[in-house]
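The first residue in the sequence is number 1, and the count goes up from there.
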Amino acid sequence: RFVISDDLNFAWAHDPDLTNGITTSGRNGQYFHLYNRVAAAFQVKPKLGLEASWGLRGIDYDLAAISASENRLSHLIGLQIRRQLGEKTAVLAAARYGRVDFDAAPRDSDSTYFLAGIERALSNRATFSALAGIENRSIGGQDFNDPYAETSMNFKISDQTQLAWIGHVGYDENELF
């Protein structure tokens, strides 16, 4: 079984917009936000699956005073292995690489994540997953190793519609993935 998915979101919005966690908390005017994640999942064996993904996020502020320090383009490339343990439980292992490029600010960064966790089917429509591990982030020639964890709750409303809640805790200098 092979599945390709695409999650695309773009908006012209006004700060502060604290719902997405990517903009400043002050009144800094209008901005364009683009997010796109493409993934390909492949069932290698009946209980073993792989998913490769690439995510792109861009922020472009209208005000020149803000855009110099906040405009950025981010990439996140990931590979996840999923091993089914039983009918409702799977273990997960993931490796990701992220790059954040700012237009002018000296805050460009590279991040590498190594995560392990579990996924549990709560019903035929709801699943919960939790991953934890380490993030290595390099900013301006300095390396930081910090713990990182994320959770997600997914509910399938229909064949074409899914409701998802995603939360994470980690070192967030200049970007949330």
Side-chain angles (χ1 to χ4, degrees), residues 5-9 15-26 28 31 33-42 44 47-61 66-85 89-121 127-154 164-177:
S5 62
D6 186 16
D7 180 10
L8 175 63
N9 178 359
D15 260 353
D17 179 4
L18 304 177
T19 59
N20 56 23
I22 57 164
T23 62
T24 63
S25 59
N28 294 314
Y31 66 93
H33 171 239
L34 166 72
Y35 174 78
N36 192 30
R37 181 181 184 271
V38 178
F42 180 67
V44 179
K47 293 186 176 189
L48 182 66
L50 298 174
E51 181 186 79
S53 63
W54 171 70
L56 173 71
R57 171 168 279 158
I59 303 288
D60 188 13
Y61 277 90
I66 299 301
S67 66
S69 63
E70 293 296 328
N71 284 4
R72 61 192 174 274
L73 187 63
S74 309
H75 300 271
L76 184 67
I77 300 166
L79 180 63
Q80 180 169 287
I81 300 171
R82 183 178 189 279
R83 172 77 163 102
Q84 195 72 32
L85 294 180
T89 306
V91 292
L92 309 170
R96 301 177 189 153
Y97 169 76
R99 171 92 183 142
V100 181
D101 289 311
F102 281 82
D103 281 358
R107 292 170 33 204
D108 294 352
S109 68
D110 294 288
S111 296
T112 307
Y113 305 83
F114 297 101
L115 309 169
I118 192 162
E119 180 180 270
R120 178 84 175 158
T127 59
F128 173 80
S129 68
L131 290 159
I134 190 164
E135 171 189 8
N136 174 270
R137 184 175 290 250
S138 176
I139 302 173
Q142 294 183 342
D143 288 337
F144 302 93
N145 290 304
D146 294 294
Y148 181 89
E150 65 185 37
T151 60
S152 70
M153 180 73 159
N154 295 297
W165 172 85
I166 300 168
H168 80 265
V169 176
Y171 178 74
D172 293 322
E173 168 64 24
N174 52 23
E175 183 66 37
L176 303 175
F177 284 110

Taking all non-hydrogen atoms of both residues into account, name the closest pair between Ala130 and Thr151 and its distance. CB-CG2, 4.1 Å
Short question: side chain of Asn154, backbone of Ala164 - any donor-acceptor pair under 3.5 Å? no
For Ala121, enumerate each residue passing the side chain to side chain contact (heavy atoms under 4.5 Å, CB included) test, keeping only those at least two apart in sequence or located in another chain. Lys88, Thr127
What's the spacing between Arg82 CZ and Ser129 OG if we round to 0.5 Å? 9.5 Å
Would you give the length of the straight line joining atom OH of Tyr31 to atom OG of Ser67, rounded to the nearest 0.5 angstrom? 15.0 Å
Mind running side-chain hydrogen bond (donor to acceptor under 3.5 Å, both in side chains) on Asp7 and Tyr35 for me, showing each step along the way? CA-CA 8 Å; Asp7 180 10; Tyr35 174 78; 4.7 Å; no
d(Arg137 CZ, Gln142 CD) to nearest 0.5 Å is 13.0 Å
Looking only at heavy atoms, what is the nearest atom pair of Ile166 and Ser152, with distance? CG1-CB, 4.1 Å
Of the non-hydrogen atoms in Phe102 and Glu70, which two are nearest, and what is the gap between them? CE2-O, 4.0 Å
For Leu48, which residues count as a side chain to side chain contact (heavy atoms under 4.5 Å, CB included) partner, sequence neighbours excluded? Val44, Lys45, Ile81, Arg83
With sequence neighbours excluded, what pairs up with Asp60 under the salt bridge (charged side-chain N to carboxylate O under 4.0 Å, His left out) test? none
In this structure, CG of Asp103 is separated from CG of Asn71 (nearest 0.5 Å) by 4.5 Å
When you measure from the side chain of Gln84 to the backbone N and O of Thr89, does any donor-acceptor pair fall under 3.5 Å? yes
Rounded to the nearest 0.5 Å, what separates atom CZ in Phe128 from atom CZ in Arg120? 11.5 Å
Using 30° and 60° as the class limits, which term best fits the ring planes of Tyr148 and Tyr113: parallel, tilted or perpendicular? perpendicular
Measure across Ser69 and Arg107 and return the closest heavy-atom pair with its distance rounded to 0.1 Å. O-NH1, 3.3 Å
Among Leu8, Val38, Leu34, exactly one meets side chain to side chain contact (heavy atoms under 4.5 Å, CB included) together with Leu56. Which residue is that? Leu34
Spacing of CD belonging to Glu119 relative to CD belonging to Gln80, to within rounding of 0.5 Å: 7.5 Å
Mind checking whether Leu76 and Arg37 have side chains closer than 4.5 Å, heavy atoms only? no
Can you sort out the partners of Asp143 under side-chain hydrogen bond (donor to acceptor under 3.5 Å, both in side chains), two or more places apart, ordered by chain and number? Ser138
With sequence neighbours excluded, residues passing salt bridge (charged side-chain N to carboxylate O under 4.0 Å, His left out) with Asp101: Arg99
Residues in side-chain hydrogen bond (donor to acceptor under 3.5 Å, both in side chains) with Asn36, at least two apart? none
Candidate list Thr112, Asp110, Asn145, test side-chain hydrogen bond (donor to acceptor under 3.5 Å, both in side chains), partner Asn136, passing option: Asn145
